[in-house]
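The analysis underlying the following values was restricted to heavy atoms, covering all of them including side chains, and did not include hydrogens, waters or symmetry mates.
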Amino acid sequence: MPLALLALAVGAFGIGTTEFVMMGLLPDVADDLRISIPAAGHLVSAYALGVVIGAPLLAAVTARMSRRTVLIGLMVLFVLGNALSALAPDYHWLLAARFLSGLPHGAFFGVGAVVATNLVAPQRKARSVSLMFLGLTVANIAGVPVATLMGQDLGWRATFLGVSVIGAAAIASLFLLIPKDHTHAPSGGLRGELVALRSLPVWLALGTTVAGFGALFSAYSYVTPMLTDAAGYADASVTLLLALFGVGATIGNLVGGRLSDHSLRGTLFGGLTSMVVVLLLFPLLMGAQWSAALAVTLLGTAAFITGSPLQLMVMEKASAGPSLASSANQAAFNLANAGGAWIGGLALAAGFGVTSPALAGAALAVLGLAVAGVAPAVDRRRGPLSGRERVIATHVPEHAETVHG
């Protein structure tokens, strides 16, 4: 695997750290800025909103730019957003800075996935995407806990300064390691990206992402009360248990990437099916501490087995212009975050019990399986690319950005 994938993983590590660390810093930020915890929670929403808006917007705006240049520019914006977060004088400035920090998130993963697949042979595309995402999953094991402890000991502003340093390291890595072959712009430009995004199979893949990862966040958003109220863990143990989720996610990401290079659709169906099984077993597994720890690990594994195949499937269905669709998949992931948490909250509010969000998640995973099951039939009916899609595709040959030698 090319060393350039390390540069993408470093950027993913920084992004993953800043995305999830705010959850652990909410009490510190609320105390320092004299705001309520619910108001501080809006800082999480502001980041997610930035991802949803920024992913397709920045991918579209930069469609005719060099992907190497785009990646570096996105990380510059990332560093700026986190530095402004550290320097924010009040809550409203911090809210704006968190929104700014989220803008490059989806486009970085979207464009980065396209670059990653063009760095390797066709039979290793999924593994290259999984290695980029490795930075995101490792952030949940190491980056988020360390950044949270830093914020608690040195102040929450120190956390965002530290993340800015990670972003600066990513910029240097991208500049030094991404091959010069990626200095040219994609031939299709914005027109090719938009035509590709109009494809029904692309939207089915995006719908699978929303439902599949909505299943994850329906349960994961409420895993802390499950661990404390159902499994009987102390509050102080939750951070370690969430690190187990990161371990599971890392395993699932690597396994999913390797399996997807052999069977993309088979890996996707297998991952979604395992999500259904794990979430259905969640209420039972939360009955004891050892099995609850196992459940959290298995949840991360099952969910992230689907990460690489979903990303690659979106890109393949939009092969005429994959950057915009690939970035849109990251927006779909964050919609799943918000939607899954909302659906899980409805189950709790209805009085179905503390583990009921997991069962709601199982229903979403079944929906994801149903949407994914429609896709093969649509592919068979569509047959080869339509005339207009074929014209665009011929202007963006897959080998145009492949690194040789």
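The number of heavy-atom neighbours closer than 6.0 Å to NE2 of H262, taken from other residues, nucleotides and ligands shown, is above 12.
At distances below 3.5 Å, not a single donor-acceptor pair connects side-chain atoms of N334 with backbone N or O atoms of N337. Looking only at distances, a side-chain donor or acceptor of S128 sits under 3.5 Å from a matching main-chain atom of K125. Checking side-chain atoms of S101 against main-chain N and O of G81 turns up a donor-acceptor pair under 3.5 Å. Remark: the backbone N or O of S326 is paired with a side-chain donor or acceptor of Q311 at under 3.5 angstrom. No donor-acceptor pair under 3.5 Å is formed between the side chain of T306 and the backbone N or O of G271. Distance alone, capped at 3.5 Å, places no donor-acceptor pair between the S263 side chain and the S260 backbone. Between the side chain of T297 and the backbone N or O of A293 there is at least one donor-acceptor pair closer than 3.5 Å. Not a single donor-acceptor pair under 3.5 Å links the side chain of S221 to the backbone N or O of S218. Under the 3.5 Å distance criterion, the side-chain polar atoms of D261 are matched with a main-chain donor or acceptor of R127. At distances below 3.5 Å, not a single donor-acceptor pair connects side-chain atoms of R67 with backbone N or O atoms of V114.
Distance OG/S130 to CZ/R124: 11.0 Å, rounded to 0.5 Å. Rounding to the nearest 0.5 Å gives a distance of 5.5 Å between CG of L285 and OG of S291.
Using a 4.5 Å heavy-atom threshold, the side chains of N82 and I166 count as separate.
With R98 as the fixed residue, the side-chain contact (heavy atoms from CB on, under 4.5 Å) test singles out one of T18, L84, V44: T18. A side-chain contact (heavy atoms from CB on, under 4.5 Å) with T62 is found for exactly one of L71, L74, V70, namely V70.
Screening residues 47-73 for ring pair (Phe, Tyr, Trp, His ring centres under 6.0 Å), with sequence neighbours left out, gives Y47-H105. Each ring pair (Phe, Tyr, Trp, His ring centres under 6.0 Å) pair with one or both residues in residues 204-226, not counting sequence neighbours, appears once here: F213-F304, F213-F333, F217-F333, Y220-F245. For the salt bridge (charged side-chain N to carboxylate O under 4.0 Å, His left out) condition, the pairs that include at least one residue of residues 262-285, sequence neighbours left out, are R265-D379. For the salt bridge (charged side-chain N to carboxylate O under 4.0 Å, His left out) condition, no pair includes a residue of residues 291-304, sequence neighbours left out. A side chain to side chain donor-acceptor pair (under 3.5 Å) check over residues 150-162, counting only residues at least two apart or in different chains, returns the pairs D32-W156.
Qualifying salt bridge (charged side-chain N to carboxylate O under 4.0 Å, His left out) partners for R258, counting only residues two or more places apart in sequence or in other chains: none.
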